[in-house]
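What follows is one structure encoded as structure tokens, with my remarks underneath.
Sequential numbering from 1 along the given sequence is applied to the chain's residues. Indexing begins at 1, ligand by ligand and atom by atom, following the structure's order.
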Amino acid sequence: MNIVVTGASKGIGFSVVQSLAKQGATKIIGISRNYKQLCELKYLCNKTSKVDFIPIAYDLQQLPLNEHQLAGLIKQHVNSIDILINNAGTLICKPFETISTDEINRMFSVNYTAPALLIKNLLPLLKVGKAHIVNISSLGGFQGSVKFSGLSHYSASKAALAILTECLAEEYKTDGLVFNALALGAVQTDMLAEAFPNYTAPTSPEQMGAFIADFAINGKAFFNGKILPVSITTP
Ligand SMILES: NC(=O)c1ccc[n+]([C@@H]2O[C@H](COP(=O)([O-])OP(=O)(O)OC[C@H]3O[C@@H](n4cnc5c(N)ncnc54)[C@H](OP(=O)(O)O)[C@@H]3O)[C@@H](O)[C@H]2O)c1
């Protein structure tokens, strides 16, 4: 299995990669800005599995400026992709009235435009792999869920990613591609701690990482075009 995971340097993505490695992935390409952390992840994977982990340092904010660049780097290592997990995300928690245009653009660029463009530019490899594309959304972007002040644009960007998932499942259903979005509830990572310093999440990154890895491998047989809330509280 050839797998691409964005946002692999820490938090949920870091754990997803370790779980995928233990579950027999042949090659995993991990993407984020922090190359040192990706190398640490490679070291950990090599201790417990035979996976070939390839770190790629890349800022997803650059993707809209050159949409072919990251796919080009990935194509240097694989000819087909079985699983793409768009996990990287950025959250700026600020009141609606004070958030700047630059901050809105940054969140939409990383949380929506980059995954969309990455899927688009990897389509030839995804079609060969008859791939499962898993987009990591948020409960905040799930219709009818509890909403939080300060997260309006973050939640809107995650809702956009979720709806994109439904649309692509329809558009590529005859190509054997499967698209699903997981709308995650709270997980105890740096992102959560920065946004809600006084809150402790009921789920660890290791727990969520193991779930996402299992879903990415096995969920394709049961779900397509779904936005699935992953939370032990009621949305
Ligand atoms: N934690 C939660 O409670 C929660 C709830 C719902 C949804 N989620 C979603 O789950 C995903 C993972 O979040 P997390 O909690 O694990 O957050 P995290 O600990 O902050 O990790 C975010 C990951 O995304 C990468 N990333 C951020 N900006 C990037 C950029 N411009 N270019 C490339 N990589 C970038 C980071 O790597 P670098 O900094 O090295 O670039 C890091 O690997 C996100 O999509 C988040 O929205 C999280």
Side-chain angles (χ1 to χ4, degrees), residues 4-19 28-41 55-66 69-70 73-74 84-93 102-103 105-118 134-142 145-148 151 153-162 164-165 181-197 199-213 215-216 227-233 235:
V4 176
V5 182
T6 69
S9 65
K10 62 177 181 167
I12 296 166
F14 193 83
S15 294
V16 168
V17 169
Q18 286 178 286
S19 287
I28 305 176
I29 297 177
I31 298 155
S32 78
R33 290 165 298 184
N34 189 330
Y35 188 70
K36 198 166 161 237
Q37 267 301 115
L38 291 175
C39 291
E40 170 69 15
L41 179 56
I56 294 182
Y58 189 84
D59 183 349
L60 289 167
Q61 281 186 82
Q62 299 302 314
L63 203 53
L65 306 175
N66 182 352
Q69 197 177 28
L70 181 56
L73 296 172
I74 292 169
L84 165 63
I85 304 179
N86 282 307
N87 164 74
T90 195
L91 184 160
I92 301 161
C93 183
D102 179 58
E103 288 166 330
N105 287 341
R106 212 181 320 154
M107 278 190 282
F108 269 84
S109 171
V110 176
N111 298 349
Y112 176 76
T113 314
L117 291 175
L118 187 58
V134 180
N135 293 324
I136 302 303
S137 184
S138 167
L139 213 52
F142 189 79
S145 69
V146 173
K147 299 295 185 282
F148 295 95
L151 297 189
H153 294 292
Y154 169 77
S155 300
S157 69
K158 288 296 188 178
L161 181 64
L164 177 78
T165 308
L182 298 177
L184 308 188
V187 181
Q188 197 56 46
T189 63
D190 289 354
M191 178 186 281
L192 187 89
E194 278 163 33
F196 301 102
Y199 176 75
T200 304
T203 308
S204 70
E206 292 77 17
Q207 288 172 311
M208 189 57 87
F211 171 79
I212 293 172
F215 179 80
I227 303 166
L228 301 165
V230 185
S231 171
I232 54 175
T233 56

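Here's the thing with Val187: one of its N/O atoms is less than 3.5 angstrom from an N/O atom of ligand 1. Ligand 1 has no N or O atom lying under 3.5 Å from any N or O atom of Ala186, backbone or side chain. Ligand 1 has a nitrogen or oxygen under 3.5 angstrom from a nitrogen or oxygen of Leu60.
Rounding to the nearest 0.5 angstrom, the gap separating the CD1 atom in Ile29 from the OH atom in Tyr58 is 14.0 Å.
Under a 4.0 Å criterion applied to the non-hydrogen atoms of Tyr58, ligand 1 contributes the atoms 32 (N), 33 (C). Close approach of ligand 1 to Ala8 is summarised as follows: ligand atoms under 4.0 Å from at least one heavy atom of the residue are 43 (O). Using a 4.0 Å cut-off to heavy atoms of Gly11, the atoms of ligand 1 that qualify are 16 (O), 19 (O). Atoms of ligand 1 found under 4.0 Å from any heavy atom of Asn34 (numbered from 1 in listed order, with element): 40 (O). Counting the atoms of ligand 1 from 1 in the order shown, those under 4.0 Å from a heavy atom of Ser9 are 36 (C), 37 (O), 38 (P), 40 (O), 42 (C), 43 (O). Under a 4.0 Å criterion applied to the non-hydrogen atoms of Lys158, ligand 1 contributes the atoms 44 (C), 45 (O), 46 (C), 47 (O). The contact set between ligand 1 and Asp59, taken as ligand atoms under 4.0 Å from a residue heavy atom, comprises 30 (C), 31 (N), 32 (N). Of all the atoms in ligand 1, the ones that sit under 4.0 Å from a non-hydrogen atom of Ser137 are 7 (C).
For the residues Lys10, Gln62, Gln37, the heavy atom positioned nearest atom 21 (O) of ligand 1 is part of Lys10.
A donor-acceptor contact shorter than 3.5 Å links the side chain of Asn87 to the backbone of Thr6. At least one donor-acceptor pair under 3.5 Å links the side chain of Gln188 to the backbone N or O of Ala201. Under the 3.5 Å distance criterion, the side-chain polar atoms of Ser9 are left unmatched by any main-chain donor or acceptor of Asn34. Formation of a donor-acceptor pair under 3.5 Å by the Lys10 side chain with backbone atoms of Ala8 is not found in this model. A distance-only check finds a donor-acceptor pair linking the side chain of Ser145 to the backbone of Leu139 [under 3.5 Å]. With hydrogens and angles ignored, the 3.5 Å screen pairs a side-chain donor or acceptor of Asn111 with a backbone N or O of Thr90.
In this structure the side chain of Lys158 never reaches within 4.5 angstrom of the side chain of Tyr112, judged on heavy atoms. Between Ser137 and Leu184 the shortest side-chain heavy-atom distance does not fall below 4.5 Å. Using a 4.5 Å heavy-atom cutoff, the side chains of Leu117 and Leu70 are not in contact.
Ranking protein heavy atoms by distance to atom 48 (C) of ligand 1, first place goes to Ile12 CD1, 3.9 Å. Ranking protein heavy atoms by distance to atom 34 (N) of ligand 1, first place goes to Ser32 CA, 3.7 Å. Protein heavy atom at the shortest distance from atom 6 (C) of ligand 1 is Leu184 O, 3.2 Å. If you check which protein heavy atom lies closest to atom 39 (O) of ligand 1, you get Arg33 NH2, 3.0 Å. Remark: minimum distance from atom 11 (C) of ligand 1 to any protein heavy atom is reached at Asn87 O, 3.0 Å. Taking atom 8 (N) of ligand 1 as the reference point, the nearest protein heavy-atom neighbour is Tyr154 OH, 3.7 Å. What sits closest to atom 14 (P) of ligand 1 on the protein, heavy atoms only, is Thr189 OG1, 3.6 Å. Scanning the protein heavy atoms around atom 20 (O) of ligand 1, the nearest turns out to be Met191 CB, 3.5 Å.
Ligand 1 lies less than 4.0 angstrom from a heavy atom belonging to Gly185. No heavy atom of Glu194 sits closer than 4.0 Å to any atom of ligand 1. Under the 4.0 angstrom criterion for non-hydrogen atoms, Ile136 is in contact with ligand 1.
Partner of Ile92 under the side chain to side chain contact (heavy atoms under 4.5 Å, CB included) criterion, out of Glu194, His153, Arg106: Arg106 alone.
Using cut-offs of 30° and 60° on the angle between ring planes, the pair Phe211 and Phe215 is parallel.
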- Message: Could you go through Tyr154 and Cys93, starting from their C-alpha distance and side-chain angles, then the distance that decides it, and tell me whether this counts as side-chain contact (heavy atoms from CB on, under 4.5 Å)?
- Response: CA-CA 8 Å; Tyr154 169 77; Cys93 183; over 6 Å; no
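Looking at residues two or more places apart in sequence or on another chain, you find a side-chain hydrogen bond (donor to acceptor under 3.5 Å, both in side chains) between Asn135 and Asn86, Thr165.
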